[in-house]
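The model shown is predicted, which means the values in this text are computed figures rather than measured ones. Numbers here are sequence positions counted from 1.
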Amino acid sequence: RYWLMVTPYFAAACLISAWLLVVAMLVSVVTGIGTTKTAKAATKMGVTYTVHVQTYGDQQGWVHDGTMAGTKGQAKRLEEIRVKLTGDEYSGSIQYKTHIQSYGWQDWSYNGEKSGSRGQAKRLEGIEIQLTGEVAKHYDVVYRVHCQTYGWMDWVKNGVMAGTSGQGKRLEVIEIKLVPKSQIVDM
């Protein structure tokens with residue numbers, strides 16, 4: 001008899017325990033409590049950039065990591081540039097400023113902002129590019145330009161001017177890449 005009286009209470013207790021277990025499992029799945037989360041792997045840093053070219057405009061779109069942006073052998077000036085970092089391995093940003101025909105050196109532009117003069121028929125003549133923040137401790141930004149009269153100029157890095165200033169020579173092409181500081185670069 002005793003067993004018959006306890007059994008309904010026991011069954012009810014088991015049912016409640018089962019429901020509580022289901023609720024606890026759902027809460028765990030939804031909130032992540034009681035589980036180990038795997039951190040998202042950081043994406044290696046890179047650089048992407050786009051230029052506005054005389055006559056052609058923005059036809060080329062964004063290019064990446066050392067790809068040629070602009071035209072070579074067509075006597076077309078670069079008029080504007082935008083540069084951004086890719087990846088999330090380190091915090092920081094990229095900044096750049098350009099020397100523009102008749103206007104001289106402009107203020108720094110950052111992370112994809114326009115630098116140059118669209119629709120004014122003014123050539124870019126020089127550019128400086130540098131990294132800021134944590135990314136600057138681990139990478140160099142390396143770049144070179146193809147310049148009117150001079151052709152391909154030497155690779156420079158980390159804020160050194162590429163191109164000319166005060167000589168009236170147009171930039172026609174640019175290549176930009178990020179290189180780990182631990183990597184030796186021929187320049």
When rounded to the nearest 0.5 Å, the distance separating OG of Ser165 from CD1 of Ile127 is 13.0 Å

Side chain to side chain contact (heavy atoms under 4.5 Å, CB included) between Tyr96 and Val141, intermediate numbers included: CA-CA 11 Å; Tyr96 42 98; Val141 60; over 6 Å; no

Please determine whether a side-chain nitrogen of the Lys or Arg among Lys177 and Glu175 lies less than 4.0 Å from a carboxylate oxygen of the Asp or Glu. no

Closest non-hydrogen atom pair, Tyr150 against Thr164: CE1-CG2, 3.8 Å

Tyr49 versus Val63: any side-chain heavy-atom pair under 4.5 Å? yes

Minimal heavy-atom distance between Thr132 and Ser93, with the atoms involved, is OG1-OG, 2.6 Å

Okay, side chain of Thr50, backbone of Gly61: is any donor-acceptor separation there less than 3.5 Å? yes

Just verifying a value: how many Å separate Trp108 CH2 and Gln95 CD, rounded to the nearest 0.5 Å? 5.0 Å

Less than 3.5 Å apart, any donor N or O on the side chain of Tyr103 or Gln120 sitting next to an acceptor on the other? yes

Determine yes or no for a side-chain-to-main-chain donor-acceptor pair under 3.5 angstrom, with Gln60 supplying the side chain and Met68 the backbone. yes

Are the side chains of Gln74 and Lys72 in touch, meaning some heavy atoms are under 4.5 Å apart? no

Could you check whether any side-chain heavy atom of His64 comes within less than 4.5 Å of a side-chain heavy atom of Val47, counting everything from C-beta outward? no

How far does CG of Asp65 sit from CE of Met45, to the nearest 0.5 angstrom? 10.5 Å

In terms of hydrophobic clusters joined by side-chain contacts under 4.5 Å, are Val135 and Val160 together? yes

Can you tell me how far CG of Leu124 sits from SG of Cys147, rounded to the nearest 0.5 angstrom? 11.0 Å

Close side-chain approach of Asp154 and Arg144, heavy atoms under 4.5 Å: no

For the atom pair CD1 (Ile129) and OG (Ser109), what is the distance rounded to the nearest 0.5 Å? 11.0 Å

Ile174 and Val51: side chain to side chain contact (heavy atoms under 4.5 Å, CB included), yes or no, with the steps? CA-CA 9 Å; Ile174 189 165; Val51 295; 4.0 Å; yes

So, Asp88 side chain and Thr43 main chain: donor-acceptor pair closer than 3.5 Å or not? yes

Any heavy-atom pair between the side chains of Leu178 and Val142 that's under 4.5 Å? no

Test item: Met153 and Tyr143 side chains (from C-beta on) under 4.5 Å apart, heavy atoms: no

Quick one: does Ile94's side chain get under 4.5 Å of Tyr110's, heavy atoms only? no

Which pair of non-hydrogen atoms, one from Glu113 and one from Arg82, has the smallest distance, and what is that distance? O-CG, 3.5 Å

For residues Lys84 and Thr48, is any side-chain donor paired with an opposing acceptor at under 3.5 Å? no

Considering only heavy atoms from C-beta outward, does the side chain of Thr98 approach that of Leu171 to under 4.5 Å? no

What heavy-atom pair brings Gly70 and Val53 nearest, and what distance separates the two atoms? CA-CG2, 4.0 Å

Going by the angle between their ring planes, with limits at 30° and 60°, are Tyr90 and His138 parallel, tilted or perpendicular? parallel

Please determine which of Glu89, Lys157, Lys44 meets the side chain to side chain donor-acceptor pair (under 3.5 Å) test together with Tyr139. Glu89

Pairs meeting criterion salt bridge (Lys or Arg N to Asp or Glu O under 4.0 Å) with involvement of residues 116-127, two or more places apart: Asp58-Arg118, Glu80-Arg118, Arg123-Glu125

Rounded to the nearest 0.5 Å, how far apart are CZ of Arg77 and OG of Ser117? 8.0 Å

